[in-house]
Amino acid sequence: MVRCTVAHVSLAALKANFRTITDYVIGVARLSGARPPGLIAVIKANAYGHGAPRVGLALEEAGATMLACADIEEGIALRQAGVGTGILVFGALSVSDVGGLFEYDLTPTISTPGAGEALQRAAAARDTRLRYHLKIDTGMNRLGFRHDNLARTMPAILGSPNLELAAVFTHFATSGDPDDGLFEIQRRRFDEALGQLARLGWPHVPRHAANSAALVRHPGAWFDFVRPGILLYGVVPPAFRRVLPLSPVMTLRSRVVAVKGVRVGESVGYGARFVAGRPTTIAIVPAGYADGLDARLAGRGSVLVAGRRAPIIGSVCMDMITIDVTDIRVETGDEVVLLGAQGDDRIDVQEMADAIGTIPYEILCRVGTRIERVYNSEPYSK
Ligand SMILES: *Cc1c(COP(=O)(O)O)cnc(C)c1O
């Protein structure tokens, strides 16, 4: 460990979250006599910034039915890390890279007629059969076959001799917003699409639809597999914290590298945006926007140091931030928590996201490549 800004990733917390989610869906499904769904663990974008190789192996060990990533390159990285379980690739495929699907045993999503034709050709050329998941667009209007055009588009793909339909899925646009009606419309359209597949001779295809928000919102969206991402990393909507007590997996810590005084009327940092209105003590922390800290945190965000909250002042620099520690006893070398707990206080991803007007996903994914991920198996909460 060289730099003092480090992302600690608790694989124990990750596995505990996996178990909590699994126990929850099993419990709820049993109550209604339904078969509990399997769990496709979403680890795209380097496992939401946590590091896909270690996270993938941990979730495989925890019992994930499948792992899901964004593109073939991410899938290959997982195989190279030693992941043996099924890997679903969500994203659109470019013709140049489909070889990786065969070489590394990845399961593609087919979401356009063109992708279906390209994969049929590629599988035929290798004299093999390729299992795929079919994506239906029920209203997100991103990837997927339009729900209202399946009678035209499905026969070609379902009739492809070298392609084997392993599952069918859709993706919700508004599952996190309980007041939005599109969620119910999408559920209905997905049901209709499944009926359409049945009429075409495919009555029992495994189905999946639920991202994290849909998982907590409605068991009616679970089908045969659920696809949580952000829940695994411990971000859970406040209303569901009691039924799903999950722990944050990542903590972001650094250390104070300098402490100094600023006189009344003097400014701090680029643009002289902070001007001391009283004799002020500041501390310098070696993490900046190059490490993923958003520039908007200056004047809006805080960190924890010596068990207290210290506001981020001035401007977020490329490699440093400045914090106001006037009322806190701080020395060079003291631990600074950017995300996580210290003393009785805690700054979570949701708080940081709210401070700058973004979503927790963006905060996690942006934790920079310069920051070392240190994996430990101790639980996050002490
Ligand atoms: C990212 C993604 C998920 C997981 O979303 P969360 O909101 O993180 O649970 C599920 N399905 C698809 C298709 C995705 O792209």
Side-chain angles (χ1 to χ4, degrees), residues 14 17-18 20-22 24-25 37-50 52 55-56 59 64-72 74-75 78 86-93 106-112 115 132-145 147 166-178 180 182-183 186-187 190 193 206-219 221-240 244 246 248-250 349-350 353 358-366:
L14 176 77
N17 290 344
F18 179 93
T20 302
I21 298 165
T22 307
Y24 173 70
V25 294
L39 209 140
I40 299 175
V42 180
I43 60 169
K44 63 197 181 195
N46 200 27
Y48 293 41
H50 294 67
V55 166
L59 290 169
T65 314
M66 265 191 127
L67 304 177
C69 59
D71 56 32
I72 292 175
E74 288 186 353
L78 289 169
I87 298 176
L88 175 62
V89 177
F90 282 143
L93 308 164
L106 308 175
T107 304
T109 294
I110 297 184
S111 51
T112 64
Y132 69 98
H133 289 207
L134 174 72
K135 185 164 189 186
I136 309 289
D137 185 349
T138 53
M140 176 85 161
N141 284 318
R142 206 176 54 179
L143 289 177
F145 290 87
H147 66 97
V168 53
F169 74 101
T170 193
H171 193 47
F172 294 111
T174 60
S175 46
D177 176 2
D180 193 285
L182 182 57
F183 178 76
Q186 286 195 264
R187 269 202 329 135
F190 190 48
R207 312 146 296 168
H208 52 95
N211 62 353
S212 294
L215 189 161
V216 294
R217 178 169 173 159
H218 203 317
W222 292 356
F223 299 100
D224 301 301
F225 302 99
V226 290
R227 296 194 308 263
I230 196 89
L231 282 180
L232 290 167
Y233 308 103
V235 180
V236 56
F240 292 95
L244 275 178
L246 306 175
V249 172
M250 186 193 289
V349 189
Q350 187 69 57
T358 186
I359 50 175
Y361 301 76
E362 191 184 353
I363 301 286
L364 291 174
C365 289
R366 280 176 58 187

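Both counts, for ligands and for their atoms, begin at 1 and track the order of listing.
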Inter- and intrachain pairs under salt bridge (charged side-chain N to carboxylate O under 4.0 Å, His left out), touching residues 226-238, at least two apart: none
Could you pull out the closest heavy-atom pair between Val216 and Phe240, with the gap in Å? O-CE2, 3.1 Å
Among Arg187, Gln186, His147, His171, which residue satisfies the side chain to side chain donor-acceptor pair (under 3.5 Å) criterion with Thr138? Gln186
Give a table of atom pairs where an N or O of ligand 1 lies under 3.5 Å from a protein N or O.
unit_1   : atom_1 : unit_2 : atom_2 : d
ligand 1 : 7 (O)  : Tyr361 : OH     : 2.6
ligand 1 : 8 (O)  : Tyr48  : OH     : 2.5
ligand 1 : 8 (O)  : Ile230 : N      : 2.8
ligand 1 : 9 (O)  : Ser212 : N      : 2.7
ligand 1 : 9 (O)  : Ser212 : OG     : 2.5
ligand 1 : 9 (O)  : Gly229 : N      : 2.8
ligand 1 : 11 (N) : Arg227 : NE     : 2.8
ligand 1 : 11 (N) : Arg227 : NH2    : 3.3
ligand 1 : 15 (O) : Lys44  : NZ     : 2.5

Side chain proximity check, Met66 to Phe225, heavy atoms < 4.5 angstrom: no
Do Phe90 and Val42 have side chains that approach each other closer than 4.5 Å (heavy atoms only, starting at C-beta)? yes
Does any non-hydrogen side-chain atom of Val168 lie less than 4.5 Å from one of Phe190? yes
